[in-house]
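Below is one structure, written out as structure tokens; comments come after it.
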Protein chains: 2
Amino acid sequence: MVRPAVPSPIVSPRTPVIAGGGGALFAGCPELIGTPSTYGREEEIFGEGEEAESVYRVVQGAVRTHKVLSDGRRQITGFHLPGDLFGLEQGETHRHSAEALSGTRVLIFKRRQIERIATHRAEVACQLWSLATRSLRHAQDHMLLLGRRSALERVAAFLLDVDLRLGGTGTFDVPMTRRDIADYLGLTIETVSRTISQLEGEGALLRTGGRQVSLRRSRMHRLVED
Amino acid sequence: MVRPAVPSPIVSPRTPVIAGGGGALFAGCPELIGTPSTYGREEEIFGEGEEAESVYRVVQGAVRTHKVLSDGRRQITGFHLPGDLFGLEQGETHRHSAEALSGTRVLIFKRRQIERIATHRAEVACQLWSLATRSLRHAQDHMLLLGRRSALERVAAFLLDVDLRLGGTGTFDVPMTRRDIADYLGLTIETVSRTISQLEGEGALLRTGGRQVSLRRSRMHRLVED
DNA sequence: CGACACCTTGAAATATCTCAAGGAGCGTGG
DNA sequence: CCACGCTCCTTGAGATATTTCAAGGTGTCG
């Protein structure tokens with residue numbers, strides 16, 4: 001089992017078993033072909049409580065999944081970038097809502113079909129297990145972040161993780177708004193904004209126009225207890 | 001898929017597919033027989049990073065699993081009560097540490113053996129998927145709690161959940177220390193203590209000696225936004 | 001009975017939030 | 001092409017929930 005050399009995979013991990021992604025959900029499962037679809041910025045892909053008919057893989061763009069309380073407080077449980085799977089449920093209904101952050105292309109797979117195949121092909125069922133396990137690991141790392149890390153550590157860890165998932169060059173456009181970041185990190189938008197300013201003030205990053213940032217990764221890493 | 005009528009399953013859910021638990025890990029899998037073992041109060045069952053050879057089911061007592069940062073901050077990711085499974089990993093190593101809260105009896109299963117069976121029996125692999133999914137659901141609910149709920153809501157939700165898992169009578173002994181509760185809820189022990197006092201002051205519960213509490217469940221429920 | 005771990009409570013410190021205002025970027029329509 | 005109206009982001013000042021530090025209380029077990 002390969003594990004990336006990251007302190008904590010803050011954003012949901014890549015789908016594991018797929019090779020390139022020629023439309024099939026799993027390697028060795030060519031009968032599972034996804035249907036392409038696109039969603040606009042802020043468009044809902046599915047809502048919490050809806051019947052979970054489909055599973056999605058991001059091809060291009062970005063997606064967030066979240067839960068809300070009745071008074072509107074929101075917790076984003078994951079951001080999904082190209083290659084990532086989301087929306088896979090075992091029960092009848094989705095446990096989250098999902099929306100596109102920007103114009104997003106996805107492949108849609110039928111859950112019934114996947115489950116039917118998993119029922120009689122053990123290696124496919126194992127891949128489902130694998131998928132759930134990866135999400136679980138992310139969720140557990142995120143619990144530690146939400147329960148025990150300071151705002152500075154949360155933001156630093158978040159930016160490092162996004163960088164990594166976007167290629168690890170250290171310079172990238174943050175694909176989500178401050179509100180989304182805040183709702184992912186359990187903070188307010190003002191705190192996120194101030195914390196990024198603070199990181200810049202300490203020379204841990206540069207804001208280079210728009211949403212682009214350039215990380216001094218060694219300094220950022222020093223801020224994230226491990 | 002049955003979903004209990006709880007706002008949020010705060011403690012890790014029961015193992016799903018097992019029937020009574022005559023020593024077998026899964027229904028329909030009598031060749032997986034667990035070896036009984038016991039652990040004393042605060043005794044470590046496994047540590048984070050250790051090789052994950054075994055899977056455990058609680059028979060009696062209670063277990064916590066947690067992660068720690070290098071400076072000692074700790075996040076408990078779950079409490080495991082009789083019937084619950086813990087320690088199941090997919091990779092080579094444990095992602096958590098686990099300790100017994102009190103004298104605890106468990107059944108130990110060999111991971112290799114389980115995986116070997118899962119490799120060629122799809123329904124067993126599906127049960128592994130099911131297990132991971134349940135843990136995932138708990139983790140995601142807990143993220144919402146850690147990221148977006150107040151101390152009062154956290155403690156109230158926690159007590160309601162423990163009550164439910166301990167039989168739902170409304171009166172029970174809290175099986176964990178304030179420190180454990182705090183590290184589970186992302187709070188300090190003082191805040192947990194004060195919050196319980198506050199709940200008592202508001203008539204939402206009674207402390208009836210030792211660690212026993214008696215919940216006014218309707219009032220408690222009103223405190224937990226859903 | 002004493003020691004010890006655990007729990008409770010108070011007072012002060014502080015991290016984060018809330019409320020408020022202004023600035024930057026961007027698409028649209030005149 | 002500019003101005004308007006948005007939405008998003010930043011920053012400040014004050015409010016507040018929670019933490020920190022400190023002390024004492026309670027229960028349990030040898």
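Every heavy atom of this structure was used, including side-chain atoms; hydrogens, water molecules and symmetry mates were not. Computed from a prediction, not measured in an experiment: that's the story for all the values here. Just so it is clear: chains get the letters A, B, ... in the order the sequence lines come, proteins before strands, and each one is counted from 1.
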TODO: Give a yes/no on whether any side-chain N or O of A/R179 is located under 4.0 angstrom from OP1 or OP2 of D/dC9.
DONE: no
- [ ] Could you tell me whether the phosphate oxygens of D/dC8, OP1 or OP2, come under 4.0 Å of any side-chain nitrogen or oxygen in A/R41?
- [x] yes
Does one side chain, of [X] or [Y], offer a donor that lies under 3.5 Å from an acceptor on the other?
X	Y	value
A/Q90	B/S130	yes
B/H66	B/T77	no
A/S97	A/E48	no

Can you check the [X] [atom1] to [N] [atom2] distance for me, whole Å?
X	N	atom1	atom2	result
A/I196	D/dT10	CD1	P	6 Å
A/R149	C/dA15	CZ	P	18 Å
B/R211	C/dA5	CZ	P	14 Å
A/L145	C/dT16	CG	P	12 Å
A/I181	C/dT16	CD1	P	16 Å
A/L205	D/dT10	CG	C1'	14 Å
A/L185	C/dT16	CG	P	12 Å
A/D180	D/dT7	CG	P	15 Å

Task: Listed once per pair and sorted, the salt bridge (Lys or Arg N to Asp or Glu O under 4.0 Å) pairs that draw on residues 172-183 of chain A, sequence neighbours left out - done: A/R64-A/D180, A/R74-A/D180, A/R74-A/D183, A/R179-A/D183, A/D183-B/R148
When you measure from the side chain of [X], which nucleotide among [options] comes out closest?
X	options	answer
B/T188	D/dC9, D/dT20, C/dC6	D/dT20
B/S193	D/dC8, D/dT10, C/dC7	C/dC7
B/R194	C/dT8, C/dT16, D/dT19	D/dT19
A/R207	D/dT11, C/dT9, C/dC7	D/dT11
A/T191	C/dT9, D/dT18, C/dT16	C/dT16
A/R178	C/dT9, D/dC9, D/dT18	D/dC9

Task: A/D141/B/R95 under salt bridge (Lys or Arg N to Asp or Glu O under 4.0 Å): CA gap, chis, key distance, verdict - done: CA-CA 9 Å; A/D141 289 335; B/R95 253 55 183 199; over 6 Å; no
- [ ] Name the residue closer to the 5' end of DNA chain C, choosing between B/E42 and B/S197 according to the nucleotide with the nearest heavy atom.
- [x] B/E42
- [ ] Identify, between B/I189 and A/L187, the residue whose nearest nucleotide on DNA chain C lies closer to the 5' end.
- [x] B/I189
- [ ] May I ask you to say what B/G186 touches in the nucleic acid, namely base, sugar-phosphate or nothing, with a heavy-atom cut-off under 4.0 Å?
- [x] sugar-phosphate
Open item on the list: Can you say whether a donor on the side chain of B/E190 sits under 3.5 Å from an acceptor on the base of C/dC7, or the other way round?
Closed with: no
